[in-house]
Protein chains: 2
Amino acid sequence: MAGRRQTASRVLPRPSGRGDAFEQWPADVEFGVLRELMGYALRRAQIAIYEDFFATVEDLDITPPMFSSMVLIRNNPGLRQSSLGRIVGIARSGTMTLVDRLERAGLVQRLSVPGDRRVNELALTDHGNTVLDELIRRIRAHDDRVSAGLTDDEKVTLRALLARF
Amino acid sequence: MAGRRQTASRVLPRPSGRGDAFEQWPADVEFGVLRELMGYALRRAQIAIYEDFFATVEDLDITPPMFSSMVLIRNNPGLRQSSLGRIVGIARSGTMTLVDRLERAGLVQRLSVPGDRRVNELALTDHGNTVLDELIRRIRAHDDRVSAGLTDDEKVTLRALLARF
DNA sequence: TATTGTTATACTCTATAACTATA
DNA sequence: TATAGTTATAGAGTATAACAATA
């Protein structure tokens, strides 16, 4: 059993349809150690935020990695496909899938580079730029919404604390 | 395109082997809006923590959901399989897979209930209890480690802020 | 030889839907 | 009819490994 490679299980639940996954909780659940663990607190918060994220951009068919990629592509002109993958933290093959999807949606284009014929530079299309503006507008609102329980000071504190990890 | 059901993409990257996914970043990456978003800060923090979590329990072949399930099972005697699923936030079929895995590893047992022959109550095996003790020991250390940059006060603050989501 | 993009393949996790047996 | 557990099936996401073209 020792050392067996486990590839996954880094998934966060998201209520997709109206399956049976999100019925009522039993009352009086005892969480034990979980209550003390930063990791668990973070995970629950993340679940809540993802839920709201998907509701926010549902009609645009955008996932969090797609959104961050678009932001990174706009803000780093000439970004290469492989660099994007490294920043986002996925394998080259996964970057393919991601960029394929963005390209198929007409949001991103691959541009060949004169100097080095191996590489693709990524750029938003006009449509991509328009969609990203709308996404940023909505996602800012979403972010304000999910952190509505916090004062501005607390938000600053929280971001600062999170950055330490 | 509107309203198309998207099932997934709530996955957090984890460096599993030594693939090409985790090479050096390009320098001077511009993150744009991402820097302001609580959701993004949370995601990055979560990635860092998951990474350390897996390193911590690698030899025991335990995933975060397995760990939380074991804690919940121990702390809520007579917990039913379906209740566990509801608490953790996964569908009944997914709960099956999870409990199957715990059972196959000899950590959890399904007990039939005299009153209602439809239900299974869950309990840790002796081995499960032993393993959970070890897990808690390690994961507490892991949690301290990843939040080492924080004072005790800051940890309290952070947990409190996260709980608001 | 190393790197970029690419394709093939496999694995994990999750979900929905349908089935069985109970209640 | 409704609920608990179960099984079947499909889909998304990721990874590793190998390949071609280029450097």
Side-chain angles (χ1 to χ4, degrees), chain A residues 4-24 26 47 50-51 54 61-66 69 78-86 88-101 103 110-122, chain B residues 4-24 26 47 50-51 54 61-66 69 78-86 88-101 103 110-122:
Chain A
R4 193 172 110 226
R5 170 77 60 72
Q6 49 189 18
T7 305
S9 69
R10 341 144 199 177
V11 174
L12 290 177
R14 181 175 74 88
S16 52
R18 282 267 53 90
D20 59 12
F22 299 90
E23 298 159 24
Q24 277 259 307
I47 290 171
Y50 261 62
E51 212 167 303
F54 280 100
D61 201 33
I62 293 285
T63 63
M66 286 170 79
S69 297
L79 187 69
R80 296 164 175 203
Q81 196 171 298
S82 49
S83 300
L84 174 65
R86 280 187 282 250
V88 176
I90 55 180
R92 284 204 309 277
S93 59
T95 314
M96 273 295 298
T97 313
L98 184 58
V99 175
D100 278 351
R101 187 164 171 191
E103 200 178 39
R110 291 185 234 236
L111 304 171
S112 55
V113 176
D116 187 337
R117 285 197 300 184
R118 292 173 304 180
V119 315
N120 289 339
E121 285 185 358
L122 302 174
Chain B
R4 190 171 113 226
R5 170 78 60 73
Q6 51 189 20
T7 305
S9 66
R10 341 143 198 180
V11 174
L12 290 177
R14 180 175 75 85
S16 52
R18 282 266 51 90
D20 59 13
F22 297 91
E23 300 159 24
Q24 277 260 311
I47 290 171
Y50 261 62
E51 212 168 303
F54 281 100
D61 203 34
I62 293 283
T63 63
M66 286 170 79
S69 297
L79 187 68
R80 297 164 176 203
Q81 196 171 299
S82 48
S83 301
L84 174 64
R86 279 186 283 250
V88 176
I90 55 180
R92 282 206 309 277
S93 59
T95 314
M96 273 296 297
T97 313
L98 184 58
V99 175
D100 279 350
R101 186 164 173 191
E103 202 177 39
R110 293 185 232 235
L111 304 171
S112 55
V113 177
D116 187 337
R117 286 197 298 185
R118 291 173 304 180
V119 316
N120 289 339
E121 285 184 357
L122 302 174

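Chain letters run A, B, ... following the sequence lines, proteins first, then strands; residues in each count from 1.
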*Does any donor-acceptor pair link the side chain of Ser82(A) with the base of dT3(C) at a separation under 3.5 Å?*
no
_Quiz item: Ser93(B) side-chain donor-acceptor pair to dT16(C) base, under 3.5 Å_ =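 Indeed, a donor on one side and an acceptor on the other fall under 3.5 Å apart.
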*Look at the side chain of Thr63(A) and decide which nucleotide, out of dG13(D), dG5(C), dA15(D), has an atom nearest to it.*
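Closest of the options to the side chain of Thr63(A): dG13(D).
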*Taking the side chain of Ile90(B) as its heavy atoms from C-beta onward, which of dG5(D), dA15(C), dT6(C) lies nearest to it?*
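Closest of the options to the side chain of Ile90(B): dA15(C).
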How long is the line joining [atom1] of [X] and [atom2] of [N], in whole Å?
X         : N       : atom1 : atom2 : result
Gln81(B)  : dT3(D)  : CD    : P     : 17 Å
Arg86(B)  : dT14(C) : CZ    : P     : 17 Å
Asn120(B) : dT3(D)  : CG    : P     : 18 Å
Met96(B)  : dC19(C) : CE    : P     : 18 Å
Glu121(B) : dG5(D)  : CD    : C1'   : 14 Å
Leu111(B) : dG5(D)  : CG    : P     : 12 Å
Arg101(A) : dA12(D) : CZ    : C1'   : 8 Å
Asp100(A) : dT4(C)  : CG    : C1'   : 14 Å

*Given the rule in the side chain to side chain contact (heavy atoms under 4.5 Å, CB included) test, do Glu121(A) and Asp116(A) qualify, once you have shown the distances and angles that lead to the verdict?*
CA-CA 10 Å; Glu121(A) 285 185 358; Asp116(A) 187 337; over 6 Å; no
*When you check the phosphate oxygens OP1 and OP2 of dA8(D), does a side-chain N or O of Arg92(B) lie under 4.0 Å from one of them?*
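For dA8(D), neither OP1 nor OP2 has a side-chain N or O of Arg92(B) closer than 4.0 Å.
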Extract from the structure each pairing of a protein N or O with an N or O of nucleotides 20-23 of chain D at less than 3.5 Å, listing the distance.
residue, atom, partner, partner atom, Å
dA23(D), OP1, Arg117(A), N, 2.8

*Which residues satisfy the side chain to side chain contact (heavy atoms under 4.5 Å, CB included) test with Arg110(A), sequence neighbours excluded?*
Gln81(A), Met96(A), Val99(A), Asp100(A), Glu103(A), Asn120(A), Leu122(A)
_Main chain of Pro65(B), side chain of Ser69(B): is a donor-acceptor contact present, judged purely on distance under 3.5 Å?_
yes
Heavy atoms, side chains only, cut-off 4.5 Å: are [X] and [Y] in contact?
X         : Y         : result
Ile62(B)  : Arg101(B) : no
Glu51(B)  : Ile47(B)  : yes
Ser82(A)  : Thr95(A)  : no
Val113(A) : Arg80(A)  : no

